Number of protein chains: 2
Amino acid sequence: MADSRTRRPPTMNDVAQRAGVSQTTVSFVINDRSDISISDETKERVWEAVNDLDYRPNAMARNLRSSKSQLIGLISDEITTTEHAVQIVRGAQDAAWEQDKLLLVVNTDGNPKIKNAAVRTMLEHRVESIIYATMYHRSANPPAPLHGVPCVLLDCYAEDRSFPSVVPDEVQGGRTATEALLAKGRQRIGFLNNVDPIPATFGRLAGYRAALEAADLPFDPTLVKRAISGSSGGYEAATELMLQPDPPTAIFCFNDRMAMGVYDALRKLGRSIPDDVAVVGFDNEEPIAAHLYPPLTTVRLPHYEMGQWAVNFLEEHAGADAPPIQHVIECPLIERASA
Amino acid sequence: MADSRTRRPPTMNDVAQRAGVSQTTVSFVINDRSDISISDETKERVWEAVNDLDYRPNAMARNLRSSKSQLIGLISDEITTTEHAVQIVRGAQDAAWEQDKLLLVVNTDGNPKIKNAAVRTMLEHRVESIIYATMYHRSANPPAPLHGVPCVLLDCYAEDRSFPSVVPDEVQGGRTATEALLAKGRQRIGFLNNVDPIPATFGRLAGYRAALEAADLPFDPTLVKRAISGSSGGYEAATELMLQPDPPTAIFCFNDRMAMGVYDALRKLGRSIPDDVAVVGFDNEEPIAAHLYPPLTTVRLPHYEMGQWAVNFLEEHAGADAPPIQHVIECPLIERASA
DNA sequence: TGGTATTACTAAATCGTATTAGTAATTTAT
DNA sequence: ATAAATTACTAATACGATTTAGTAATACCA
């Protein structure tokens with residue numbers, strides 16, 4: 001018992017010896033090679049020996065010839081204090097699992113040294129492909145050696161479009177959020193946008209405007225405020241928005257953290273949610289969105305789906321050159337009670 | 001360029017040929033074997049060839065003989081909608097990195113089939129050890145084949161103590177939270193506990209009582225309420241607590257989500273935080289704790305540290321039998337503005 | 001001056017599997 | 001009845017590294 005982990009694991013040869021056949025035969029039986037005939041008794045003897053010895057093939061030895069490691073690398077570029085990273089890993093892993101592959105995860109905390117070392121180590125392990133993920137949608141500079149292996153960027157893109165990438169559909173997300181508010185009969189819809197010059201900021205605004213336009217509503221610049229995307233920014237911007245003449249009857253917030261501040265502001269002003277003012281957030285940060293009162297209607301970022309898509313895309317283009325397309329994934333509406 | 005990924009990667013033999021030396025020599029140079037003498041010119045020639053060919057050693061081939069895969073398995077048992085999983089992975093990975101090892105991550109979503117398959121696949125890849133993690137502190141039933149490899153349980157423990165494990169120090173956490181409130185001069189401290197029969201529930205209560213006792217304060221059962229650990233549970237329990245005669249001047253909440261509800265209740269009752277009532281949470285769920293107003297003082301679960309500890313522990317006991325100890329890690333106080 | 005050390009290398013074995021090329025015995029086809 | 005095909009296996013090789021055991025040439029020492 002105690003020495004079970006110090007003893008060398010059984011090899012195919014051990015199995016062969018116990019079953020009284022050649023190692024080759026064991027290999028054929030184990031891999032169930034239908035193009036080679038093995039008698040049923042022999043098969044049985046082999047499987048018995050396999051079970052007796054608790055034999056497990058050595059993946060390193062198996063993969064040595066084919067150079068197919070059955071490993072997919074996942075590099076996440078930054079620290080994240082959200083569950084988003086988990087969702088990416090889950091999506092990627094679930095898809096990898098379908099292909100009997102495992103995920104090699106390294107998180108670089110933005111450190112370029114680690115970033116390069118991570119790619120190097122992964123290449124040494126002969127990963128079949130690499131997913132390079134950032135934790136919010138942005139432009140990225142993946143390390144050059146990545147070009148040596150099939151690779152997709154996740155939640156980011158290379159300025160020069162030298163890699164395929166998957167990103168959330170920010171425009172559709174902004175539009176969906178706005179439409180959810182419109183569907184509740186709101187006409188004056190405020191938008192509290194972020195200040196950072198990132199795709200989310202531009203895209204969601206574009207979506208907001210597109211939704212208004214589609215509903216034949218004018219775009220009113222006084223209804224759009226920009227603030228740092230946290231609860232205090234949301235609090236202040238919402239207060240400002242509501243104290244204007246002709247305040248909105250609905251507010252679309254750049255993210256859920258901002259929405260938290262909006263809730264506080266509205267409560268302070270004595271407005272009820274959603275009766276006086278409907279609110280929609282973005283990100284679907286569970287701990288916030290599900291636990292605010294009333295629970296926050298929001299738009300979810302498709303992290304799980306992006307992870308899934310990345311692995312499947314890489315599989316489809318295995319061996320060949322993956323076209324450097326930019327794939328966009330829908331951000332679904334999560335309906336709760338605030339709209 | 002385009003065929004760079006279809007071409008077979010260069011081997012040590014390719015390097016040897018280009019440098020005009022034997023493959024053995026290349027191996028010696030690359031591994032910088034100081035016990036073997038190689039002339040400087042030769043070394044230089046070899047490194048030149050390595051760079052020219054962009055040679056990277058094949059980890060599978062290298063590790064085949066030693067059966068040291070440089071891989072550590074991390075199995076996470078459940079879906080989580082928190083950042084906790086990320087912290088575990090980060091801690092484990094940072095520690096693994098120090099040892100030039102990589103993390104193989106599988107998340108089983110609680111599915112026993114996947115759980116077993118994950119262990120099997122990891123063993124086939126000859127992981128050097130496995131970390132089996134759950135997403136909240138509880139008793140667990142890890143799959144039997146885990147006994148075949150050095151393993152530690154993270155955030156959980158085996159009823160029969162057959163595995164070493166790391167868990168948060170719930171008692172100290174509860175005590176720390178209570179003491180933080182006592183340090184602010186509060187004497188009547190309420191505790192909104194969870195209802196689930198899990199270590200966190202028992203431990204934090206014990207810590208709360210220990211802190212009171214150490215401060216020579218009586219334990220008043222009317223100050224302790226139990227509720228489902230979400231914001232609505234927190235809201236109701238806090239309301240009930242505050243409407244009692246002689247209500248508390250401070251509330252320690254089982255977790256941050258509950259604290260969110262407590263904030264709402266206190267606001268509704270016109271009590272200010274922290275002046276009228278100080279609040280302390282648990283878990284340090286960033287999106288909540290940092291974005292509530294005022295920002296929530298809370299106790300952090302040591303997920304990062306547990307991941308780190310697990311990897312280091314496994315390294316220390318590499319090869320040998322790891323003693324099935326239960327290691328407990330401190331939950332630090334995160335001071336913000338609510339206490 | 002002969003013997004031992006040291007330097008600078010190389011040939012060959014090895015790890016555990018998959019695959020290729022056989023071989024001997026039996027069955028089928030003509 | 002004999003050639004051809006099929007069945008049921010095995011021996012040997014390859015994958016890409018590390019390691020062991022050597023070898024030839026030069027340096028050192030008594």
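Excluded from the calculations below are hydrogen atoms, water molecules and symmetry mates; all remaining heavy atoms, backbone and side chain alike, are included. Model, not experiment: these values are computed from the prediction. Lettering of chains follows the sequences in order, A, B, ..., and the numbering in each one begins at 1.
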A:E83/A:R90 ion pair, N-O < 4.0 Å
no
Determine the contact category for A:S66: base if any of its heavy atoms lies under 4.0 Å from a base atom, sugar-phosphate if only primed atoms, P, OP1 or OP2 are that close, otherwise nothing.
nothing
Any donor-acceptor pair under 3.5 Å joining the side chain of B:T24 to the base of C:dA11?
yes
Could you tell me whether the side chains of B:T11 and B:N13 share a donor-acceptor contact shorter than 3.5 Å?
no
Which comes earlier along DNA chain C counting from the 5' end, the contact point of B:L64 or that of B:I36, where each point is its nearest nucleotide?
B:I36
Angle class for the A:F313/A:W309 ring planes (parallel below 30°, perpendicular above 60°, tilted otherwise)?
parallel
With a 3.5 Å cut-off and heavy atoms only, can you find an N or O donor on one side and an acceptor on the other between the side chain of A:R65 and the base of C:dA18?
yes
Using heavy-atom distances to pick each residue's nearest nucleotide on DNA chain C, tell me which of B:R126 and B:I38 is more 5'.
B:I38
Indicate, with a heavy-atom threshold strictly under 4.0 Å, whether A:N31 touches base, sugar-phosphate, or nothing.
sugar-phosphate
Whether the side chain of A:Q23 and the base of C:dA18 hold a donor-acceptor pair under 3.5 Å is what I'd like checked.
yes
Counting the atoms with a prime plus P, OP1 and OP2 as sugar-phosphate, which does B:S27 contact under 4.0 Å by heavy atoms, base, sugar-phosphate, or nothing?
base
Base, sugar-phosphate or nothing for A:S37? Non-hydrogen atoms, less than 4.0 Å.
base
Shortest side-chain distance from A:V21, nucleotide among C:dA8, D:dT10, D:dA17:
D:dT10
Less than 4.0 angstrom between a side-chain N/O of A:S22 and OP1 or OP2 of D:dC9, yes or no?
no
Just how far, in rounded Å, is P of C:dT17 from CZ of A:F28?
15 Å
